[in-house]
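Since the structure comes first, as structure tokens, the remarks are kept for the end.
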Amino acid sequence: SADQRRCRAPLGVCPGSGGVGSTSAGSCGQDEYMTQEEEWDRDLLLDPAWEKQQRKTFTAWCNSHLRKAGTQIENIEEDFRNGLKLMLLLEVISGERLPKPDRGKMRFHKIANVNKALDYIASKGVKLVSIGAEETSAKEGLLLWCQRKTAPYRNVNIQNFHLSWKDGLAFNALIHRHRPDLLDYDKLDKDDPIGNINLAMEIAEKHLDIPKMLDAEDVVNTARPDERTIMTYVSCYYHAFAGAQKAETAANRICKVLAVNQENERLMEEYERLASELLEWIRRTIPWLENRTPEKTMQAMQKKLEDFRDYRRKHKPPKVQEKCQLEINFNTLQTKLRISNRPAFMPSEGKMVSDIAGAWQRLEQAEKGYEEWLLNEIRRLERLEHLAEKFRQKASTHEQWAYGKEQILLQKDYESASLTEVRAMLRKHEAFESDLAAHQDRVEQIAAIAQELNELDYHDAASVNDRCQKICDQWDSLGTLTQKRREALERTEKLLETIDQLHLEFAKRAAPFNNWMEGAMEDLQDMFIVHSIEEIQSLISAHDQFKATLPEADGERQAILSIQNEVEKVIQSYSMRISASNPYSTVTVEEIRTKWEKVKQLVPQRDQSLQEELARQHANERLRRQFAAQANVIGPWIQTKMEEIARSSIEMTGPLEDQMNQLKQYEQNIINYKHNIDKLEGDHQLIQEALVFDNKHTNYTMEHIRVGWELLLTTIARTINEVETQILTRDAKGITQEQMNDFRASFNHFDRRKNGLMDHDDFRACLISMGYDLGEAEFARIMSLVDPNGQGTVTFQSFIDFMTRETADTDTAEQVIASFRILASDKPYILADELRRELPPEQAQYCIKRMPQYTGPGSVPGALDYTSFSSALYGESDL
């Protein structure tokens, strides 16, 4: 029963008169309550606190059921002793009536009532005390249910039925999982276990009808709460929520059944509605399809056919779909009723599927008969309309063809046409005659169709006859005009053939002569560019040859003009209304006359321009010779000076000052030669102004002369600078003249290309010849000094700088520091006054400005650090 599911008795507690753990044969039975030392904790059984808790739990459980009968117990031993309330408890739990209890107050009455209760329990197969496999399985199942329900909740980890419940959160989690409306789990405090347990028990008692079976203080303050007590209380939660879930399941099942029934009723109503609408539509449509009233015109019958097609395309397809859907709905409904064990659906009278099929069959038979009647009527009217339309089409085609033909045949366009045009007209007229003969059949067909329409009593026969008569009259007129035009064209053709022969002769001779004149004008006006006397003389000779051909050309001109005069004479003699223009030639008589006059004007103009150009070429030749005479002297002179300077830089010996003087003299001689260059520039400007671009009398151009002159000036200046640098190096480094000569001799020896440069291999050989013992690292260090840009060559100046660093005596930072120490009287610092006293003012101020303050031992105000200053002079510090 529901009460049995709600809350079972506490495990291990026997509701008999013997109290907790009683072994009385009349209450629990000796076989079922044997001592089990391996499963029971004997010390716990003897614990008075545990016994009190068990008693309290069982009392609360019993009262949760007895209050339904309007009573309760306070003491188990006393209140169950007479067996009356025990039997009442079993009736409440089971929902069944037990045997009538004995009402006496004697002991045997009480024992009899207790036995009746125990016999009823035994008849239901209930074991009052058990801790075997069945209890273990129930315990594990209840534990698993608790774990599954509380898994999502923080701070809840149920592993047993004692310690896992001490903080009270597990009880609240079970309630919140099933009834979240009863409490706010997130507001619970894990550190308030008593408050948590009391809250859960109050909510369970008030809203879930679960009695308070626990004391929060007993659960919290006991090291290990009683397992069976908690299991008993938790099982009440399980049964409370399990009962609610079963009720919800039952409600869902009822809703599902009702939903199925409602859907079936809806489908039945929908079927009835669709069947009624479809049958009504069929009833209205069949009379329309059975109407066979014929129409008099094709348009009216076409309208009936169009209406029928609309019926087929628009009105019937939705009804076909409705009929199909109706059958589907009917079959679906019957299937659903059969599956849900409902009786089959029986539509209203006359709305069965077979009734609808029969009505639909009558509709299609009427539709078929109506369509056949429509087609037959249309064919009948179509035959008559076809003849009328055929007449109209053929008549329209003929009228369109004949339109304007009479006006064309009456034209006299041949009177002003050329021979080619007249011949074209003849060919065109012959084509028209062929076309006219071809249209004879169409005219005969038009007449035959008109006759047939009259025989069939066509309603518009009058207009057909009138139109046919007009076509026949026009046809006769076209035949007469065609013959007259042929005779006129043939006569005109003969007259034009004579003129055509003259035009053809004119064209054959006028075209070549016109081309000759155009070529002559082009040659006489052609721009010419010559660069020598020979070229202009060649043009003059060709012009003289052209002038010799002019008399012959004039004779051809006169012959051509005479042909045109003959044409004009023929046209005038026969009073022909045609143009004298030549169809075979674009050249006119006027054009020939104009071009001939132009040729006669251009001949003397060409003579004059050729003579002027001859004089200009003679002047240009004089300028070429004048420039060549100077350039052929200046060019070799520059080359000679370049070679002399190159030799002097290699061969000069003696003191560097003597070499310097010799080079200065070379430089002055070169500067004095500048006026020759300036004069040549003037001649070159005249040549440029005269647009002379070549000169066969010399290989030197002005650009060659300019480049050579600039190179000469640069070379002498660079050579002088090298000697000056050698002098400065010698004086600064203490190199003797003999050493400098040796350096020059060594460099010249290994300058194999004589271009003032040594490559790396030549430089290595030069150093070895001078006694250097070179490893790869040392040679690399030297190359970084003499060729810092990595160009692959060593100049003489770089060579001199390196050699002077290697051989000359040089000052060192230590020597300068020692000198400052003398001025400072052996002090590690020096004062500004001492510097001003010992050094010139400029050098003293230079040192004072750049020396750092001395901060070492014995420093005084104004002390300067000459040691750091000296090291910085030689790059040995960061100053």
Side-chain angles (χ1 to χ4, degrees), residues 261-340 342-393 452-453 455-460:
N261 198 65
Q262 289 173 333
E263 176 63 16
N264 291 339
E265 289 178 357
R266 187 191 66 79
L267 290 175
M268 293 176 188
E269 294 173 358
E270 180 70 10
Y271 176 87
E272 291 284 340
R273 182 183 64 80
L274 292 177
S276 298
E277 292 176 355
L278 182 59
L279 289 171
E280 175 61 22
W281 178 81
I282 294 174
R283 185 189 64 77
R284 293 195 312 269
T285 305
I286 289 178
W288 174 69
L289 294 173
E290 291 176 345
N291 183 9
R292 301 291 192 270
T293 303
E295 299 291 341
K296 296 181 180 180
T297 63
M298 187 68 177
Q299 289 79 7
M301 289 306 298
Q302 288 287 355
K303 179 63 171 59
K304 280 184 176 290
L305 180 60
E306 189 62 33
D307 292 342
F308 181 71
R309 288 173 179 171
D310 285 343
Y311 157 78
R312 279 279 185 84
R313 289 194 302 263
K314 299 177 182 178
H315 303 294
K316 185 180 178 182
K319 298 305 177 180
V320 173
Q321 183 65 28
E322 288 179 14
K323 176 178 176 292
C324 179
Q325 189 62 44
L326 194 64
E327 294 173 356
I328 292 173
N329 291 352
F330 181 81
N331 293 332
T332 302
L333 175 59
Q334 299 293 38
T335 301
K336 287 185 175 182
L337 292 172
R338 185 174 62 256
I339 292 174
S340 58
R342 302 302 200 279
F345 169 60
M346 182 62 65
S348 303
E349 183 178 357
K351 297 179 183 178
M352 295 289 293
V353 173
S354 59
D355 296 332
I356 295 172
W360 189 265
Q361 184 176 7
R362 291 193 297 276
L363 174 73
E364 291 192 333
Q365 289 175 351
E367 179 183 312
K368 181 179 179 182
Y370 186 70
E371 184 179 20
E372 291 175 354
W373 174 76
L374 276 176
L375 294 176
N376 290 333
E377 280 296 308
I378 288 174
R379 290 191 192 99
R380 184 182 67 80
L381 292 174
E382 190 177 25
R383 284 196 299 273
L384 192 58
E385 186 63 31
H386 172 71
L387 286 174
E389 182 60 26
K390 187 174 182 180
F391 174 82
R392 286 192 292 271
Q393 289 180 355
E452 187 175 357
L453 287 172
E455 293 173 355
L456 294 175
D457 196 19
Y458 180 56
H459 66 88
D460 197 18

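- In this structure, CD on E270 lies 11.0 Å from CG on L333, to the nearest 0.5 angstrom.
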Next item on the list: Kindly indicate, with the supporting measurements, whether the criterion side chain to side chain contact (heavy atoms under 4.5 Å, CB included) is fulfilled by W281 and E322.
Entry: CA-CA 11 Å; W281 178 81; E322 288 179 14; over 6 Å; no

Check: Going through the checks in order, is the salt bridge (charged side-chain N to carboxylate O under 4.0 Å, His left out) test met by R284 and E280?
Finding: CA-CA 6 Å; R284 293 195 312 269; E280 175 61 22; 3.7 Å; yes

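- Ion pairing of R266 with E263 is present here, as a side-chain N (NZ or NE/NH1/NH2) and a carboxylate O approach within less than 4.0 Å.
- Taking the side chain as every heavy atom from C-beta outward, L278 and K323 approach each other to under 4.5 Å.
- Of the possible donor and acceptor atoms, one in the side chain of R292 sits under 3.5 Å from a partner among the backbone N and O of L289.
- One distance of note links CD of E367 with CH2 of W360; it measures 8.0 Å at 0.5 Å rounding.
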Next item on the list: Kindly determine whether Q299 and Q302 satisfy side chain to side chain contact (heavy atoms under 4.5 Å, CB included), including the steps that lead there.
Entry: CA-CA 5 Å; Q299 289 79 7; Q302 288 287 355; 5.5 Å; no

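- Annotation: the span from K316 atom NZ to D310 atom CG amounts to 14.5 Å, rounded to 0.5 Å.
- Remark: W288 pairs with no residue by the side-chain hydrogen bond (donor to acceptor under 3.5 Å, both in side chains) rule, at least two apart or across chains.
- Distance check, rounded to the nearest 0.5 Å: CH2 of W373 to CD of E290 gives 13.0 Å.
- A tilted orientation is assigned to the rings of F330 and Y271, their planes being inclined by 30° to 60°.
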Item checked: Criterion salt bridge (charged side-chain N to carboxylate O under 4.0 Å, His left out) on R273 and E269, from CA distance to verdict -> CA-CA 6 Å; R273 182 183 64 80; E269 294 173 358; over 6 Å; no

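- The shortest non-hydrogen separation linking L374 to F308 is CD1-CB, 3.7 Å.
- Note that the CG atom of L267 and the NZ atom of K336 stand 5.0 Å from one another [nearest 0.5 Å].
- Judged as a side-chain hydrogen bond (donor to acceptor under 3.5 Å, both in side chains), and not counting sequence neighbours, N331 has no contacts.
- Sorted by first and then second residue, the salt bridge (Lys or Arg N to Asp or Glu O under 4.0 Å) pairs involving residues 346-356 (not counting sequence neighbours) are E272-K351.
- Within the 4.5 Å cutoff, the side chain of F345 has no heavy atoms near those of the N264 side chain.
- Counting all heavy atoms, side chain and backbone alike, L279 lies closest to A359 at CD2-CB, 3.8 Å.
- With respect to R313 and E306, a salt bridge is recorded, a charged nitrogen being found less than 4.0 Å from a carboxylate O.
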Notebook entry, point to check: Does the pair M352 and M346 meet the rule for a side chain to side chain contact (heavy atoms under 4.5 Å, CB included), with working shown?
Noted result: CA-CA 8 Å; M352 295 289 293; M346 182 62 65; 3.8 Å; yes

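- Rounding to the nearest 0.5 angstrom, the gap separating the CZ atom in R392 from the CD atom in E389 is 4.5 Å.
- Between K368 and E364 there is no salt bridge, since no side-chain N of the basic residue sits under 4.0 Å from a carboxylate O of the acidic one.
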Next item on the list: Would you sort out whether F391 and E452 count as a side chain to side chain contact (heavy atoms under 4.5 Å, CB included), showing the intermediate values?
Entry: CA-CA 10 Å; F391 174 82; E452 187 175 357; over 6 Å; no

